[in-house]
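A short write-up of the structure that comes next.
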Amino acid sequence: MMMQKYIAPYLDAALARVGVELSGEVAFGVPRQEGHGHLSTNVAMMYAKGLGKQPRVFAQELVDALGTVPMVSAIEIAGPGFINITFDNSVYHAMLRDMDAMGDSIGRSTVGSGKSVNVEYVSANPTGPLHAGHGRNCAVGDTIANLFAWNGYAVTREYYFNNAGNQMSKLAESIYARVQHRLGASDYPFPEDGYHGEYIHEIADNIVAQHRSNVEGAAEDEARAFCKKQGELWCFGSIKRTLSALNIHHDEYFNEDSLYHDGKVTATIADLRERGLVYEQDGATWFALTQLGQQQDKVIVKSTGEPTYRLPDIAYHRDKLQRGFDIVVDIFGADHIATIADVLAGVRALGYDTDNVKTVIHQMVTFVENGEIVKFSKRSGKSFTLDELIDEVGADVVRFFFVMRAVGTHLEFDLGLAKEEGDKNPVFYLQYAHARICSILRKAAERDLRVSHDADLSVLTHPREIELIGLISRMQSSIERACENLEPHTVAEYLRDVAAAYHNFYHDCRILGSEPHLEAARLVLADVTRRAMRNGLLLLGVGTPESM
RNA sequence: GCGCCCAUAGCUCAGUUGGAUAGAGCAGCAGCCUUCUAAGCUGCGGGUCGCAGGUUCGAUUCCUGCUGGGCGCGCCA
């Protein structure tokens, strides 16, 4: 039960009585100011003007028409014409009772049931290990996927595996060169724009040690192809291990090269051509994006005959839409911003509705320690990998820090703060609240006290108790909104509020050893809070320690 | 030059879809443990919400224009 849903019918009836025709749902807010009631509505101000009345005068008429409402202790008009509603504590007791009955599904919703969603995230090129900056895409994407799942959607977590194209050839050539060096051709040229990482040596070592016959004496093309495959496998394994450490598991790894094998790339360009959107110039094939309202035409097939990334991307998005998802979500870093409009324009030109393709573009990440920007690993001096970040601060902190800020803002990742295990670190603050509750429940069990689902909750009257109940009662709508707006950080914010409310309650309200009725009721509240915190932490993909 | 994003306390950031006296954390200062985890709690100081207009009962929030910063604008992905 929610306060809004409870009061809305009474208000609708009162509005009808004073002759107002509603043009939508009445909006309620939770006043942040104490003394402004538990719920507030601006409906009188919204409709007063149309009726030619003073807002406060109209508000009074409305309040008169409302009369008395059960479980509401006060209805007051304040400020320019707000109607502030104060509930009887019994409303809170009823809400707590309902939440207790929800078991482990507190905060879940069914708004998405029957609908399917595909969330594509990470999708880093398999040309090396994930670097630290990739962490944001990983955490944001997985949390958004969790949000959909939590709201009842059937979710497919997808990784677009970019295993075709130019960057893979570079990888192959880099490995091939390192292999040649090991086979004695020490003057074999390393490609100018090749990959220099340690892992290239590792892959080459492995090839020479385990698969020497595939590269020695083999035809050069085949040896190169073998190097490419080995490189891809190594990178794929590395990426999957890192993701697994962050508790991220995709359902689908969509291989880019399958688009070529299945003829989808060819089909896509043929269909675009049929619509008159393709032309030849300077030996290349161009996509007439200006005809689709974009700024400039772009090459989709190079004069070498290789497609640019744009063509397979369009084919891929078309494929996702053909698979029949109700919603398709793409998570991209700001550096990919230019491609999205082109790809969507292409898909639209092929006759698909892109209204349900949602793109989340997160801004870049800066790592900071002691006020200085960290760009490279201290250990190796090379690029800072996600594995190293996880080693340094732990997986929970990585996941939490990357989602705790709005995706649209630049993220400053403070390594010093992240490494703190204490009051400075926001993750521990949440986990500590959960651990504290678990500790009390353990102590209660030692005394043969169980959480009783028919405890008399009416003894809960302390402001801290009421505040905590009210906050948890908003969990479901808070998570629904986070999902609808694709804003995972609001979950982190919300949980911080719940944790703070619990710490306050804990501090001011003794649980164990209080008067038996009060003790029983507070145990229920503690346990409901525990389940809410646990669900919230699971949603963010961080651990739920029972002791710290 | 063009496109997208950002600008709020000393620092890092929230701000419930346009509401009432703009909030947290960190940093600083001062307090609270013989009783359920002090990784907690309480208090103090700190603001021209980048600037200028506009929209209206009301703007940190929406619109326009500036200024400053980030990311893009390739026959790389």
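Residue numbers begin at 1 in each chain, while the letters A, B, ... track the order of the sequences.
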Exercise for review: Kindly state whether the pair A/His36 / B/A20 counts as stacked, where counting means centroids closer than 5.5 Å and planes tilted less than 30° apart.
Suggested key: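 So A/His36 counts as stacking on the base.
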
Check your understanding: For A/Phe82 and B/A20, are the ring centres under 5.5 Å apart with planes inclined under 30°?
Key ->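 A stacking contact exists, since A/Phe82 sits close and nearly parallel to the base ring of B/A20.
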
Pick the [atom1] atom in [N] and in [M], then give their distance to the nearest Å.
N     : M     : atom1 : result
B/U37 : B/G23 : P     : 34 Å
B/C13 : B/U8  : P     : 9 Å
B/C6  : B/C41 : P     : 32 Å
B/G54 : B/A9  : C1'   : 29 Å
B/G31 : B/U21 : C1'   : 27 Å
B/U16 : B/C33 : C1'   : 36 Å
B/A27 : B/A39 : P     : 15 Å
B/G43 : B/U48 : P     : 24 Å

Between atom [atom1] in [X] and atom [atom2] in [N], what is the gap in whole Å?
X        : N     : atom1 : atom2 : value
A/Leu39  : B/U16 : CG    : C1'   : 12 Å
A/His503 : B/C41 : NE2   : P     : 5 Å
A/His507 : B/C32 : NE2   : P     : 12 Å
A/Asn125 : B/C76 : CG    : P     : 14 Å
A/Ile83  : B/G19 : CD1   : P     : 17 Å
A/Phe413 : B/C26 : CZ    : C1'   : 16 Å
A/Asp282 : B/C75 : CG    : C1'   : 9 Å

[X] side chain, from C-beta outward: closest of [options]:
X        : options             : result
A/Glu493 : B/G3, B/A14, B/A20  : B/A14
A/Asp335 : B/U37, B/C71, B/C13 : B/C71
A/Ala338 : B/C75, B/C13, B/G72 : B/G72

Looking across every strand, which nucleic acid part, if any, lies under 4.0 Å from [X] by heavy atom: base, sugar-phosphate, or nothing?
X        : result
A/Ala78  : base
A/Thr339 : base
A/Thr127 : nothing
A/Thr308 : sugar-phosphate
A/Pro55  : nothing
A/His336 : base
A/Cys509 : base
A/Glu306 : nothing
A/Gln167 : sugar-phosphate
A/Asn504 : sugar-phosphate
A/Glu484 : nothing
A/Arg310 : nothing

Check this one for me: any side-chain N or O of [X] less than 4.0 Å away from OP1 or OP2 of [N]?
X        : N     : result
A/Arg496 : B/G25 : no
A/Arg464 : B/C41 : no
A/Ser169 : B/C76 : no
A/Lys170 : B/A77 : no
A/His489 : B/G15 : yes
A/Lys302 : B/C76 : yes
A/Tyr502 : B/C36 : no
A/Asn166 : B/C75 : no

Practice item. Determine, for A/Tyr176 and A/Arg224, whether the Lys NZ or Arg CZ falls below 6.0 Å from the six-membered ring centre while staying within 45 degrees of the axis. Key: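 The answer is yes; both the distance and angle limits are met.
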
Decide yes or no, distance alone: a donor-acceptor N/O pair under 3.5 angstrom between the base of [N] and the side-chain of [X].
X        : N     : value
A/Asn42  : B/G19 : yes
A/Tyr432 : B/A39 : no
A/Asp497 : B/A14 : no
A/Ser40  : B/A20 : yes
A/Ser303 : B/C75 : yes

Review point. Between A/Tyr502 and A/Phe505, is the gap from one ring center to the other below 6.0 Å?
Key: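 Under 6.0 Å, so yes.
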
NZ/NE/NH1/NH2 to OD/OE distance under 4.0 Å, [X] and [Y]:
X        : Y        : answer
A/Lys53  : A/Glu61  : yes
A/Asp527 : A/Arg530 : yes
A/Glu158 : A/Lys320 : no
A/Glu519 : A/Arg510 : no

Check your understanding: Atom CG in A/Asn162, atom CZ in A/Phe254: separation rounded to 0.5 Å?
Key ->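 Spacing of CG (A/Asn162) from CZ (A/Phe254) equals 11.5 Å.
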
Review point. Starting at the 5' end of RNA chain B, which residue's closest nucleotide do you reach first, A/Tyr506 or A/Asp297?
Key: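 Upstream on the strand: A/Tyr506.
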
Check your understanding: 5'-most contact on RNA chain B: A/Gly165 or A/Arg510, nearest heavy atom basis?
Key ->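 Closest to the 5' end, via its nearest nucleotide, is A/Arg510.
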
Check your understanding: Where does B/C33 fall, syn or anti, if syn means a chi angle no more than 90° from 0?
Key ->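 Syn, which is what one calls it when the glycosidic angle falls within 90° of 0.
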
Practice item. Decide, for B/U17, between syn and anti: a glycosidic angle within 90° of 0 counts as syn, anything else as anti. Key: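 What B/U17 shows is a syn base, its glycosidic angle lying within 90° of 0.
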
Exercise for review: Give the dot-bracket string for RNA chain B, reading 5' to 3', where a pair is Watson-Crick or G-U wobble with both distances under 3.5 Å, ( ) marks pairs inside the strand, [ ] marks pairs crossing earlier ones, | marks a partner on another strand, and . marks unpaired.
Suggested key: (((((((..((((.....[...)))).(((((.......))))).....(((((..]....))))))))))))....

How about [X]: does its [atom1] atom have over 12 heavy atoms from other parts shown lying under 6.0 Å from it?
X        : atom1 : value
A/Lys375 : NZ    : no
A/Arg534 : CZ    : no
A/Arg273 : CZ    : yes

Review point. Taking atom types as modelled, is there a side-chain donor on A/Gln431 or A/Asp396 under 3.5 Å from an acceptor on the other?
Key: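 Checked: A/Gln431/A/Asp396 side chains pair up, N/O donor to acceptor below 3.5 Å.
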
Practice item. Report the residues that fulfil salt bridge (charged side-chain N to carboxylate O under 4.0 Å, His left out) with A/Asp497, sequence neighbours left out, ordered by chain and then residue number. Key: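 Testing A/Asp497 for salt bridge (charged side-chain N to carboxylate O under 4.0 Å, His left out), a comparison that skips the adjacent residues, returns none.
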
